[in-house]
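Here is the naming used below: chain letters follow the sequence lines, and residue numbers restart at 1 for every chain.
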There are 2 protein chains.
Amino acid sequence: MFSVSARTQYAIRAMAHLAGGEGHGATSAEIASAEGIPAKYLEGIMSRLKLSGLVESERGKHGGYRMIGEPEDISMLSIVEAMDGSVKPVNCVDAVGTCSQGNGCLPRQFWIGLKKAIDNYLEEHTLKDVTEG
Amino acid sequence: MFSVSARTQYAIRAMAHLAGGEGHGATSAEIASAEGIPAKYLEGIMSRLKLSGLVESERGKHGGYRMIGEPEDISMLSIVEAMDGSVKPVNCVDAVGTCSQGNGCLPRQFWIGLKKAIDNYLEEHTLKDVTEG
DNA sequence: GTATATTCCTACTATCCAGATAGGGATATG
DNA sequence: CATATCCCTATCTGGATAGTAGGAATATAC
């Protein structure tokens with residue numbers, strides 16, 4: 001229950017690898033081989049990380065990816081969301097006013113609380129916590 | 001991300017229905033029709049709830065299901081676990097000593113922390129909170 | 001300007017699992 | 001015996017995840 005996708009776990013390893021690399025940079029192929037991640041699959045992951053503004057990229061020879069910012073400033077939530085979208089135990093958590101039960105719907109309040117608990121935890125922890133301690 | 005299965009949501013509605021019923025009891029067919037849950041599918045859900053000791057059952061005419069205990073004593077965690085097992089962001093959270101990284105594996109500590117945050121929230125809330133407020 | 005190394009884009013396949021359905025067996029009542 | 005209920009097993013289906021394939025765009029080096 002509540003298991004994290006392989007994609008997200010790969011993404012964390014990839015970010016950790018970047019964090020440990022020279023100038024926080026590396027090529028996708030490098031990361032794939034060093035971390036044992038399927039190379040072609042990782043390409044899609046790096047693309048998502050870029051879309052979310054966590055890394056920047058340069059094409060061509062001597063190209064690659066570079067982390068934007070420092071590990072202690074990158075929340076785990078931002079990585080998780082970059083992969084699998086926002087935490088949403090049930091669909092109605094962010095459906096304002098569409099709940100047939102109205103705004104006082106107790107189950108909805110309960111799920112919103114769960115989302116907050118998860119978001120808080122993920123927001124409080126950074127890439128640095130997970131890699132360097 | 002981290003979405004809750006339809007099964008779990010059905011289970012909560014079913015338990016809520018039992019809680020509101022005469023003597024905390026009802027038949028599977030009753031619940032299905034009242035809550036708009038596919039009858040045959042609900043049977044499997046009730047079976048799981050029974051296996052987890054949340055309800056008891058009686059077969060034959062005048063049979064049905066009855067909640068064991070009171071709504072304020074039934075944690076949401078117990079319902080969630082009855083449906084989809086324990087909260088386990090990654091498999092290694094409860095794999096003692098099998099982590100190739102040893103016990104100090106930081107990512108593992110991170111996921112264990114997440115599990116605890118989720119478990120705590122679900123444990124703190126009861127069926128009563130979600131149904132009666 | 002050609003070769004090469006990289007990111008980037010699109011499409012495809014395979015596998016798994018949740019959700020749901022179907023049919024009937026076991027058991028209790030009357 | 002008839003009926004109502006829980007219970008068990010098998011099956012189907014759609015969508016998501018994980019992974020693969022092929023190549024286009026782009027930057028560098030010689």
Side-chain angles (χ1 to χ4, degrees), chain A residues 1-14 18 21-23 25-68 80 82-85 88-91, chain B residues 1-14 18 21 25-68 80 82-85 88-91:
Chain A
M1 170 99 255
F2 288 133
S3 63
V4 166
S5 67
R7 195 163 54 197
T8 293
Q9 296 179 62
Y10 286 156
I12 293 170
R13 304 232 302 270
L18 283 181
E22 192 99 19
T27 70
S28 183
E30 254 175 53
I31 300 172
S33 122
E35 299 289 332
I37 303 170
K40 274 295 192 180
Y41 193 50
L42 180 61
E43 286 187 12
I45 291 172
M46 298 312 293
S47 171
R48 285 176 189 246
L49 288 173
K50 184 185 174 186
L51 271 178
S52 299
L54 293 174
V55 303
E56 58 192 359
S57 67
E58 195 118 0
R59 294 212 262 197
K61 226 163 189 170
H62 299 147
Y65 291 95
R66 181 173 323 128
M67 233 180 70
I68 297 180
V80 166
M83 293 302 110
D84 299 333
K88 215 162 66 166
V90 296
N91 278 329
Chain B
M1 168 103 257
F2 288 133
S3 61
V4 166
S5 67
R7 196 161 55 196
T8 293
Q9 296 179 60
Y10 286 157
I12 294 170
R13 303 232 302 270
L18 284 180
T27 70
S28 183
E30 255 174 51
I31 301 173
S33 122
E35 299 290 332
I37 303 171
K40 275 294 194 182
Y41 192 51
L42 180 61
E43 285 186 13
I45 291 172
M46 298 313 294
S47 171
R48 285 177 189 246
L49 287 173
K50 185 188 175 185
L51 271 177
S52 298
L54 293 175
V55 303
E56 58 193 359
S57 67
E58 195 117 2
R59 293 212 264 196
K61 229 166 187 172
H62 299 150
Y65 291 95
R66 182 174 319 130
M67 234 181 69
I68 296 180
V80 166
M83 293 301 111
D84 298 334
K88 214 160 67 164
V90 296
N91 279 329

Using a cut-off of strictly less than 4.0 Å between a heavy atom of the residue and any atom of DNA chain D, enumerate the qualifying residues of residues 42-51 of chain B by number. B:E43, B:K50

Donor-acceptor pair, B:R48 side chain versus B:M83 backbone, under 3.5 Å? yes

Out of curiosity, A:M1 CE to B:T8 OG1, how far, rounded to the nearest 0.5 Å? 5.5 Å

Within the sub-3.5 Å range, which N or O atoms of nucleotides 17-21 of chain D have a protein N or O partner, and how far apart are they?
{"unit_1": "D:dA18", "atom_1": "OP1", "unit_2": "A:A6", "atom_2": "N", "d": "2.7"}
{"unit_1": "D:dA18", "atom_1": "OP2", "unit_2": "A:Y41", "atom_2": "OH", "d": "3.4"}
{"unit_1": "D:dG19", "atom_1": "OP2", "unit_2": "A:Y10", "atom_2": "OH", "d": "3.1"}

In whole angstrom, give the distance that lies between atom CG of B:L18 and atom P of D:dC6. 10 Å

Heavy atoms of B:G53 and B:I68 approach each other most closely as O-CD1, 3.7 Å

I'd like to know whether CD of B:Q9 has more than 12 heavy-atom contacts from other residues, nucleotides or ligands below 6.0 angstrom. yes

So the contacted stretch of DNA chain C, first to last nucleotide with an atom under 4.0 Å from a non-hydrogen atom of chain B, runs from C:dG19 to C:dG30

Drop me the distance from A:I45's CD1 to A:S28's OG, to the nearest 0.5 angstrom. 9.0 Å

How far apart are the closest heavy atoms of A:L49 and A:A82, and which atoms are they? CD2-CB, 4.3 Å

Shortest non-hydrogen separation from A:F2 to B:S3 and the atoms involved: CE2-O, 4.4 Å

What's the spacing between B:L18 CG and B:E30 CD if we round to 0.5 Å? 9.5 Å

How close do B:R13 and B:G36 get, counting heavy atoms only, and between which atoms? NH2-O, 4.1 Å

Rounded distance in Å - CD (B:E56) to P (D:dC7): 11 Å

Pairwise side-chain contact, B:Y41 with B:R7, heavy-atom cut-off 4.5 Å (strictly under): yes

Measure the CD-CD1 distance between A:E35 and A:I12 for me, rounded to the nearest 0.5 Å. 11.5 Å

Who pairs with B:S47 by side-chain contact (heavy atoms from CB on, under 4.5 Å), at least two apart in sequence or on another chain? none

Shortest non-hydrogen pair, B:T27 vs B:G63, comes out as CG2-O, 3.6 Å

Looking at five pairs on each end of the helix from C:dG1-D:dC30 to C:dG30-D:dC1, what is the angle between the two axes, given to 10 degrees? 10°

Are the side chains of A:M46 and A:I31 in touch, meaning some heavy atoms are under 4.5 Å apart? yes

Under a 4.0 Å heavy-atom cutoff, the residues of residues 57-68 of chain B touching DNA chain C are B:R59, B:G60, B:K61, B:H62

